[in-house]
Undergrad: 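My questions all concern the structure below.
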Amino acid sequence: MPATKGSAGKNGSKDSGRQGEGTALVIVESPAKAKTIAGYLGRGYVVESSIGHIRDLPTKAAEIPAKYKGQAWARLGVDVDGDFEPLYVVNTDKKAHVKKLKELMADADELLLATDEDREGEAIAWHLREELKPKIPVRRMVFNEITKDAIQRAADNTRELNTRLVSAQETRRILDRLYGYEVSPVLWKKVMPKLSAGRVQSVATRLVVERERERIAFTSAEYWDLKAVFDATGSGASDGPATFPATLMSVDGRRVAVGRDFSPQGALRSDRDVHHLDEQAARGLASRLDGAGFAVSSVERKPYRRSPYAPFRTTTLQQEASRKLGLSSKQTMQVAQRLYENGYITYMRTDSTTLSESAVKAARDQVRRLYGGDYLPDKPRVYAKKVKNAQEAHEAIRPAGDTFRTPAEVGLNGPEGRLYELIWKRTVASQMKDAVGESVTVRIEGTSSAGETAEFTATGKVITFHGFLKAYVEGSDDPAADLDDRERRLPSMEEGAPLKAESLEAEGHSTRPPARYTEATLVKELEEREIGRPSTYASIIGTILDRGYVFKKGTALVPSFLAFAVVQLLERHFGNLVDYEFTARLEDVLDDIARGDAQSLPWLRRFYFGGETPEGESEVGLKDLVGDQLADIDPKEISSVPVPGTDILLRVGRYGPYLDRDGERVNVPEDLAPDELTQEKAEELFAQPSGDRELGTDPETGRAILAKTGRFGPYVTEVLEEPAEGESKPKSKAKVKPRTSSLFKGMDLDTVTLEDALRLLSLPRLVGEVDGEEVTAQNGRFGPYLKKGTDSRSLETEDQIFTVTPEQAKELFDKPKQRGRRAAAPPLRELGEDPASGVKMVVKDGRFGPYVTDGEINASLRKGDEVESLSDLRAAELLAERRAKAPAKKKAPAKKTAAKKSTTTKKASTTKKSTAKKPAAKKTGEPKSTSTGSDEA
DNA sequence: CAGTGAGCGAGCTTCCGCTTGACTT
């Protein structure tokens, strides 16, 4: 450990140092950073990390303190009716760490909050101050690079906490919470459970969906040209290759159409005066040019110059690692994290391309040593801010240290070695000279036998000084594209030089739809649109993959049909929220708040409750969109996507996508790319036997027996012979229905036999008579059961359906329903007394797993609770939480105004059909008050 | 997307942005 002599003093007292003054506790965000900085600050400083954020809004009910549980807004963690006051809780995984920080603070006489100098960093610092409640002086310490000088300077020049910046962060946080936690439940209700929506992920999904829509709407156009290979032997060319390829560019002075002249609909763009060659025309021209003489009509030379790319930031690193190493965004970040933690590279989550002075020096030293002074520009290169909303709390991603180690010197292997090499090369190259050379365009003319003038063009590139390209060449997303360092030499020809066509061939091309996003190109797009942050790009991809909104096909991101439905819903009903400009506008507001030019509250109010925009338009608030206007969202409509050119609808159901043509339905494979669902494909799917398995023929009826998957799971059914076409329909209106039966639990769709199926279809089985009534055994919604008239009893096993005797059946029906089982179930565990009620608590096993009860209140054990180890204290806590949560006492007070009553009744009829129906059917008299009451439950 | 008969202690899913281990095999 270098004996840094306590660093220079702080806050102006230059010579004193920290020795003899006690210690300052410095808190940074990352443990790796803490280690480095500790070395730079030396004695008098204790450096710890916060490990990111320490507090946040509660994620789920379990994290909400009991005293807030009853609040209507507790679910959101933001008191929307109380000026959007956020409720912060210490993250569960940080509790121990916060305790440790408090202990360290007890031994310090000053607290230096040295979190990153950006919006989130300022907020982390504020949360630390709020949570640690220091009684010692607190200062904010900031730096953008981790070098000894910069750190010592930062320790000497501390400042106050910037609460306006904190307010901007808090506004961002609240908005994201309201968006995510209010809109996601809409998807649960209208599409399927566990889906999610958010400011970032929903736009990311929408981008992928829109790209797919473009691909679906795309019509390919075909166009032809000629490819010639010219021989320059007789041209007097002094050097270069003897032959070179060239492409037909114009005929009789009129340019030949190329891909960009066509619209996405496959038509020639109307503003183009071009010559569209089809195959016949191209072949005809080729033959008419056979044997023609050619000559160079013009030679145009232009200087070629290319500057190095800026050093890596998170997104560009992910792109290049994808293109060159085939790593996903997540893999790239994992490898980079390891490199960072072991001191090989600087911080990998950054939006800055800036290099520290010492890093520039280190890069230039390497250039001189490895490539020589010729490759070194006179002055260091400085890279301008590339990203609009960049917060630049960190440096660019580069090799760590004041001198760089070459890949050979660090001796890393595997992905670490390859990623380090990439970073090292890019950094070094960024301080090298431009590549220079010359590009040449040559035009060649010839006259066909029909007198047409055909003009060909050939381009060449010669690099005379490679500059940075010697060290680093950026990859391309288009595998067909030429890379920057690719030379293409042409013979050095003069105007008028005669040429011979060695070959001349017609070549067909077709326009291609826009390419799908890859992880890397989507991340690039998001960054350009200012959506997401370096720390989240990889996880955004993870989220939309996890939710099933996109899946990967090779490296391409393909949207699912589910994504089409979700995006459709959001676009139609939450258009503002998935507007690509939404985040950009938000950033403007946050900047205003950070500068003190705007207040958070009015803005949040309008977002949530609605109101007038600054432009004077009225805006519906989020609260109404997910509340009063919820009924406007028709699940059927938003889950339907028309198959182009047909009257077939693609529908997204609970059990996956399917096609619907006037009620005729067929499943669609989940991994079918939406742009492949053409009319032909749809017809093909309808024609297929839909994946049902034919088990054989019922010997008694001669009917085919099928095993299928339906909305209640796998089942078997029989095929009724249909009346031949043209034959008159059966007279009796009552349609004969095929027999059906769900498979038993132990059965599998793939292994079920004809024998099984016939047994299943024979149900219900007549067991015999009990008390003069027929008893049947069958399988149902809740499992196997016996039925006698309107009475029923459950059976223990499915097997009993076939084995139960009339005697056993009578026994079951003699016993009253249900009770036997409940009384028989003993408690799993006995606990002590609940201090609140004084009643003994027991743990029981129930339908939803183990729960603790005091006889009156029941509370499920939560994740992490175990029956064996559950303490009395924890059990009492669970019960208390349950009690606090609006006791399940029914009966609402019937004191509502008439107006209010009518609105609640309306809601019930549209959105709560099932709950509204039951009580209404049971109760007689006073229907209005009871239905209002049940709404409130 | 096939069509059947209870009554019972539900609770939870979800956002974006900061940051790492702690777990198990």
Side-chain angles (χ1 to χ4, degrees), chain A residues 28-33 49-54 56-57 59-62 75-77 91 93-94 97 115-116 118-121 123-124 127 169 172-188 192-202 337 341 349 532-536 539-540 543 547 651 653-656 658 660 663-667 690 708-717 737-742 764 778-783 785-787 790-794 817-818 822 844 846-849 851-853 856-860 862-863 882 885 888:
Chain A
V28 297
E29 287 182 38
S30 145
K33 197 194 259 185
S49 67
S50 70
I51 326 181
H53 273 292
I54 55 151
D56 192 11
L57 304 175
T59 308
K60 48 187 176 201
R75 182 181 63 82
L76 298 170
N91 303 353
D93 57 340
K94 294 285 167 58
H97 192 68
T115 49
D116 296 348
D118 57 17
R119 209 156 59 207
E120 296 297 328
I124 291 174
H127 279 300
Q169 189 275 348
R172 199 268 318 146
R173 181 68 191 91
I174 292 170
L175 170 109
D176 282 333
R177 167 52 63 92
L178 294 176
Y179 186 148
Y181 273 38
E182 290 285 36
V183 180
S184 296
V186 173
L187 298 180
W188 305 343
M192 61 170 76
K194 298 201 175 185
L195 296 178
S196 61
R199 174 175 58 84
V200 171
Q201 61 168 290
S202 294
Q337 175 87 27
E341 283 172 11
R349 294 186 274 261
R533 301 280 309 137
S535 66
T536 63
S539 62
I540 294 165
T543 300
R547 297 284 172 274
R651 303 212 50 225
R654 219 151 255 259
Y655 315 95
Y658 62 95
D660 187 330
E664 189 191 353
R665 287 166 169 151
V666 61
N667 282 328
S690 71
K708 304 171 78 163
T709 299
R711 75 188 140 116
F712 308 123
Y715 68 103
V716 288
T717 185
K737 283 185 179 168
R739 294 176 296 164
T740 63
S741 172
S742 285
Q778 56 231 284
N779 212 12
R781 168 85 177 83
F782 311 111
Y785 71 103
L786 293 173
K787 186 174 167 180
T790 57
D791 204 3
S792 68
R793 292 290 183 278
S794 284
K817 247 182 198 175
Q818 182 81 19
R822 275 193 66 195
K844 290 187 173 178
R847 289 176 301 139
F848 308 116
Y851 64 100
V852 57
T853 177
E856 195 164 339
I857 297 284
N858 305 309
S860 284
R862 301 273 172 71
K863 259 179 216 156
R882 184 75 189 89
K885 244 193 108 180

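In what follows, chains are A, B, ... by sequence order, proteins preceding strands, each numbered from 1.
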Undergrad: Do the side-chain N or O atoms of R173(A) get closer than 4.0 angstrom to the phosphate oxygens (OP1, OP2) of dC18(B)?
TA: no
Undergrad: Whether R349(A) contacts dT19(B) is assessed here as follows: a side-chain N or O lying under 4.0 Å from the phosphate OP1 or OP2. Is that the case?
TA: yes
Undergrad: What nucleic acid atoms does G52(A) come within less than 4.0 Å of, heavy atoms only: base, sugar-phosphate, or nothing?
TA: base
Undergrad: Map A62(A) and D176(A) onto DNA chain B by nearest heavy atom, then report which one ends up closer to the 5' terminus.
TA: A62(A)
Undergrad: Does Q778(A) put a side-chain nitrogen or oxygen below 4.0 Å from OP1 or OP2 of dT4(B)?
TA: no
Undergrad: Using only heavy-atom distances, determine whether the side chains of R349(A) and S535(A) contain a donor-acceptor pair under 3.5 Å.
TA: no
Undergrad: Quick one: label Y181(A) by what it contacts on the DNA or RNA (base, sugar-phosphate, nothing), any heavy atom closer than 4.0 Å.
TA: base
Undergrad: With no angle test and no hydrogens, is the base of dA2(B) tied to the side chain of S742(A) by a donor-acceptor pair under 3.5 Å?
TA: yes
Undergrad: Looking at every strand, decide which applies to R547(A) at a 4.0 Å heavy-atom threshold: base, sugar-phosphate, or nothing.
TA: sugar-phosphate
Undergrad: Measure distances between side-chain N and O atoms of S860(A) and base N and O atoms of dG9(B), and say whether any donor-acceptor pair falls under 3.5 Å.
TA: yes
Undergrad: With a 4.0 Å cutoff (strictly under), does any side-chain N or O of S535(A) reach OP1 or OP2 of dG17(B)?
TA: no
Undergrad: Pairs counted as Watson-Crick or G-U wobble with both distances under 3.5 Å: what dot-bracket string results for DNA chain B, using | for bases tied to another strand?
TA: .........................
Undergrad: What nucleic acid atoms does D93(A) come within less than 4.0 Å of, heavy atoms only: base, sugar-phosphate, or nothing?
TA: nothing
Undergrad: May W188(A) be described as stacking on the base of dT13(B), applying a 5.5 Å centroid limit and a 30° limit on plane angle?
TA: yes
Undergrad: Please check the phosphate of dG17(B) (OP1 and OP2 only) for any side-chain N or O of Q169(A) closer than 4.0 Å.
TA: no
Undergrad: Mind checking if P738(A) touches a base, just sugar-phosphate, or nothing, with heavy atoms under 4.0 Å?
TA: nothing
Undergrad: Under the criterion of centre distance below 5.5 Å and interplanar angle below 30°, is Y851(A) classified as stacked on the base of dA10(B)?
TA: no
Undergrad: Determine the contact category for D660(A): base if any of its heavy atoms lies under 4.0 Å from a base atom, sugar-phosphate if only primed atoms, P, OP1 or OP2 are that close, otherwise nothing.
TA: nothing
Undergrad: Is R172(A) close enough to dG17(B) that one of its side-chain N or O atoms is under 4.0 Å from OP1 or OP2 there?
TA: no
Undergrad: Considering every strand and a 4.0 Å limit on heavy-atom distances, what is the contact class for K787(A): base, sugar-phosphate, or nothing?
TA: sugar-phosphate
Undergrad: For dG17(B) and T536(A) - does any side-chain N or O of the residue sit under 4.0 Å from the phosphate oxygens OP1/OP2?
TA: yes
Undergrad: Within the structure shown, what part of the strands sits under 4.0 Å from A197(A) by heavy-atom distance: base, sugar-phosphate, or nothing?
TA: sugar-phosphate
Undergrad: Is any side-chain N or O of R665(A) under 3.5 Å from a base N or O of dC1(B), one able to act as donor and the other as acceptor?
TA: no
Undergrad: Which part of the nucleic acid does T59(A) contact within heavy-atom distance under 4.0 Å: base, sugar-phosphate only, or nothing?
TA: base
Undergrad: Here's a test of your reading of the structure: between N858(A) and Y785(A), which maps to the more 5' nucleotide of DNA chain B?
TA: Y785(A)
Undergrad: With sequence neighbours excluded, tell me which residues meet side chain to side chain contact (heavy atoms under 4.5 Å, CB included) with T717(A).
TA: L706(A), K708(A), Y715(A), P738(A), T740(A)
Undergrad: Establish, with yes or no, whether the OP1 or OP2 oxygen of dT13(B) is under 4.0 angstrom from a side-chain nitrogen or oxygen of S184(A).
TA: no
Undergrad: For a quick test of reading the model: is some side-chain N or O of T740(A) closer than 4.0 Å to OP1 or OP2 of dG3(B)?
TA: no
